[in-house]
There are 2 protein chains.
Amino acid sequence: MRLVVARCEILYTGRLTARLSEAVRLLMFKADGSFLVHDDAGGYKPLNWMTPPTVIEASDHAIVVRKRKGDERLEIRLVEILSDVAHDMGDSAALHKDGVERDLQEELARQPRALGEELALVRREWPTDIGPVDLMCRDEDGGWVAVEVKRIATIDAVEQLCRYLERIDGACRGVLAAQKIKLQAKTLAEARGIRCVEVDLAVLRGEREPELTLFPG
Amino acid sequence: MRLVVARCEILYTGRLTARLSEAVRLLMFKADGSFLVHDDAGGYKPLNWMTPPTVIEASDHAIVVRKRKGDERLEIRLVEILSDVAHDMGDSAALHKDGVERDLQEELARQPRALGEELALVRREWPTDIGPVDLMCRDEDGGWVAVEVKRIATIDAVEQLCRYLERIDGACRGVLAAQKIKLQAKTLAEARGIRCVEVDLAVLRGEREPELTLFPG
DNA sequence: ACCTCAATGTCGTCT
DNA sequence: AGACGACGTTGAGGT
């Protein structure tokens, strides 16, 4: 990885145009061709960037980063280079995540009764022609229940579930399960006869006690 | 901005859990409290990060970055520090963009006939109780036409426009205009009686000739 | 504080 | 290569 701190001016042309007037910034050249421009504030997002595959051409006072295919390019005019160092980082280790939507789906597949009624799992990722239903279950009367799982459910999740229900075309109820369901999503779900359940992954796993309620059921 | 290159191990806990086993990485501490971890590959996204406001506690062989409010934290175990430098970058200059959705909307407001029929603009950002319609127009018969503008239109754009049309509650057609309309969006739009138009900002501005068609209309 | 929508979204996954 | 959905989405703007 090469790290250049320089006073520079930058022009991006491609999907749109973006201009950065002269200032001191960090230019980051990664081993795989990735290029990032960061400044000293505003976390996470680079001001400018290009993802691989790229072609990098450097002259004395300018650097051009181009996409190998397509019309995107970054032109950097270098006014003053304050630092220029390279580090060999070798291969990095992979990032392992836990607690994403997939984990929630798996845990609910294992214990569908956590959805608040006597459900039996029929299939995970039940296929329809517009995509898979997260969990397809049957209730105690043998009725079909399609469950959409989200980490955070917005109005879009309700519409997604409704599209499935339209396609399934039969007596099939919908249940929306998420760690957090936005108010508007709840409202729309209610209007469309979809039940909402908020679940907590840590509780499902037995890692944490369910929240104490002052006036239980 | 402080740049540390170090062999380290990192644990994130908060909205989910994520672990990075020991490897050499770049740790970036920005002046505003932002913290980023980057790797020598895989552009754009940091492996781990924390946006301000943060609290940073450093001891000899460990750094902890916490959110000032809430339960999110990053624990970095430092095995070997290969480099540790700081740069004063001063205030950076702002990024100026051109060609985003807003620019497309403005250009279409200026020449609504580019939408392929004789439309007259009534109002930009026409208010409804669930948000503004991008362009409200009238056609040559005096009928109302709501136009949703996107840079790239997906199925969500169709749903969004439909929600507006429901609310407007009257004879009002819908038109979806975008630089690129995804196939599924076109299909759903057609099914709901919404016309689709693909437009090109550069052509609208007269900066580029319209593409030649082999068999013009 | 909350919600909505845009983003050069990016990134993985599957067809 | 294109389409689709998740993302610790992030970030901006409005109420």
Side-chain angles (χ1 to χ4, degrees), chain A residues 11-19 34-37 42-52 65 67 69-74 95 97-105 125 127 129-132 134 148-157 160 163 178-180 182-187, chain B residues 12-18 34 36-37 42-52 67 69-74 95 97-105 125 127-132 134 148-157 159-160 163-164 178-187:
Chain A
L11 176 67
Y12 165 75
T13 52
R15 286 177 264 186
L16 49 65
T17 19
R19 202 180 299 270
S34 307
F35 173 70
L36 307 178
V37 181
Y44 193 85
K45 277 185 75 167
L47 292 166
N48 282 115
W49 71 92
M50 194 152 291
T51 48
V65 182
K67 268 247 133 158
K69 274 183 76 139
D71 271 333
E72 291 183 280
R73 63 192 277 133
L74 270 162
L95 177 67
K97 290 184 187 179
D98 177 46
V100 293
E101 184 189 301
R102 175 141 218 99
D103 301 302
L104 189 57
Q105 189 196 113
E125 305 284 346
D129 54 357
I130 53 163
D134 288 334
E148 176 66 31
V149 180
K150 287 267 181 280
R151 221 174 63 80
I152 295 169
T154 62
I155 208 165
D156 289 347
Q160 191 185 344
R163 286 199 296 273
Q179 299 237 48
K180 169 107 193 88
K182 298 283 176 124
L183 182 56
Q184 295 241 354
K186 275 182 191 160
T187 309
Chain B
Y12 164 77
T13 51
R15 286 178 261 184
L16 49 65
T17 332
S34 307
L36 307 178
V37 181
Y44 192 86
K45 274 186 77 166
L47 291 164
N48 282 113
W49 71 94
M50 194 147 295
T51 48
K67 267 249 137 159
K69 276 185 76 141
D71 271 333
E72 291 183 281
R73 64 192 280 133
L74 268 163
L95 178 66
K97 291 183 187 182
D98 176 46
V100 294
E101 183 190 299
R102 176 143 214 96
D103 301 303
L104 189 57
Q105 189 197 113
E125 304 284 347
T128 77
D129 54 357
I130 53 164
D134 287 333
E148 177 66 31
V149 180
K150 288 266 182 279
R151 224 173 61 80
I152 295 169
T154 62
I155 209 163
D156 289 347
E159 305 267 29
Q160 193 184 344
R163 287 199 295 274
Y164 290 142
Q179 299 235 45
K180 169 110 192 86
I181 302 178
K182 298 285 178 117
L183 183 56
Q184 293 230 351
K186 275 181 191 162
T187 309

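All chains are named by letter (A, B, ...) in the order of the sequence lines, taking the proteins before the strands, and each is independently numbered beginning at 1.
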Tightest non-hydrogen contact, residues B:E72 and B:G14, listed as CG-CA, 3.8 Å

What is the distance, to the nearest angstrom, from the CD atom on A:E101 to the P atom on D:dC7? 5 Å

Among C:dC5, C:dT4, D:dT10, the nucleotide that comes nearest once only the side chain of B:R163 is considered: C:dC5

Kindly point out which of C:dC3, C:dC11, D:dG8 is positioned nearest to the side chain of A:T51? C:dC11

Under 4.0 angstrom, heavy atoms only, what part of the nucleic acid is A:Q184 near: base, sugar-phosphate, or nothing? sugar-phosphate

Check whether the aromatic ring of A:Y12 stacks on the base of C:dT8, taking stacking as ring centres less than 5.5 Å apart and planes within 30° of each other. yes

Does a side-chain N or O of A:K69 approach OP1 or OP2 of D:dA1 to a distance below 4.0 Å, or not? yes

Kindly point out which of C:dT8, D:dC7, D:dG5 is positioned nearest to the side chain of A:V100? D:dC7

Taking atom P in both D:dG8 and C:dC5, what distance in whole Å separates the two? 22 Å

Proximal nucleotide (of D:dG8, C:dT10, D:dA6) relative to the A:E148 side chain: D:dA6

Rounded to the nearest Å, what distance is computed from the CG atom of residue B:D156 to the P atom of nucleotide D:dA6? 10 Å

Check the distance between C:dC3's P and A:I152's CD1 and give it to me in whole angstrom. 11 Å

Looking only at the side chain of B:Y44 (C-beta and beyond, no hydrogens), which of the listed nucleotides D:dA6, C:dT10, C:dA6 gets closest? C:dT10

Restricting to non-hydrogen atoms, name the atom on B:P132 and the atom on B:Y164 that form the minimum distance, rounded to 0.1 Å. O-OH, 3.2 Å

Same-atom distance (C1') from D:dC7 to C:dA7, integer angstrom: 13 Å

Closest to the 5' end of DNA chain D, once B:K182 and B:L16 are matched to their nearest nucleotides, is B:K182

Using the P atom as the point on both nucleotides, what is the distance between C:dC11 and D:dG11, in whole Å? 15 Å

Length of the NZ-C1' vector between A:K67 and D:dA1, whole Å: 14 Å

Straight-line distance of B:I152 CD1 to B:K182 NZ, nearest 0.5 Å: 6.5 Å

Using atom CD1 of A:I155 as one end and atom C1' of D:dG5 as the other, report the distance to the nearest whole Å. 18 Å

Working to the nearest 0.5 Å, report the span between CD of A:E101 and CD of A:Q179. 10.5 Å

I'd like to check, for A:W49, whether its ring lies over the base of C:dT8 with centroids under 5.5 Å apart and a plane angle smaller than 30°. yes

Partner lookup for D:dG8, please. Criteria are Watson-Crick or G-U wobble with both distances under 3.5 angstrom; report none if nothing qualifies. none

By nearest-nucleotide position on DNA chain C, the 5'-leaning member of A:A18 and B:G131 is B:G131

So, does B:Y12 use its side chain to make a donor-acceptor pair with the main chain of B:R73 at under 3.5 Å? no

Under a 4.0 Å threshold between the charged nitrogen and the carboxylate oxygen, would A:E125 count as salt-bridged to A:R102? yes

Considering only heavy side-chain atoms of B:Y164, the closest of C:dA7, C:dC5, D:dG8 is C:dC5

Whichever of A:K180 and B:G42 has its nearest DNA chain C nucleotide further upstream toward 5': A:K180

Could you tell me how far apart A:L47 (CG) and C:dT8 (C1') are, to the nearest whole angstrom? 13 Å

Quick one: A:Q105 CD to D:dC7 P, roughly how many Å, whole number? 11 Å

With a 6.0 Å cut-off (strictly less than), is the heavy-atom count around CZ of A:R163, excluding the residue itself, greater than 12? yes

Selected nucleotide, minimal atom distance to B:K45 side chain, candidates C:dT8, D:dG8, D:dT10: D:dG8

Please give, in whole Å, the distance from C:dC5 C1' to B:K150 NZ? 7 Å

Give a yes/no on whether any side-chain N or O of B:R15 is located under 4.0 angstrom from OP1 or OP2 of D:dT10. yes

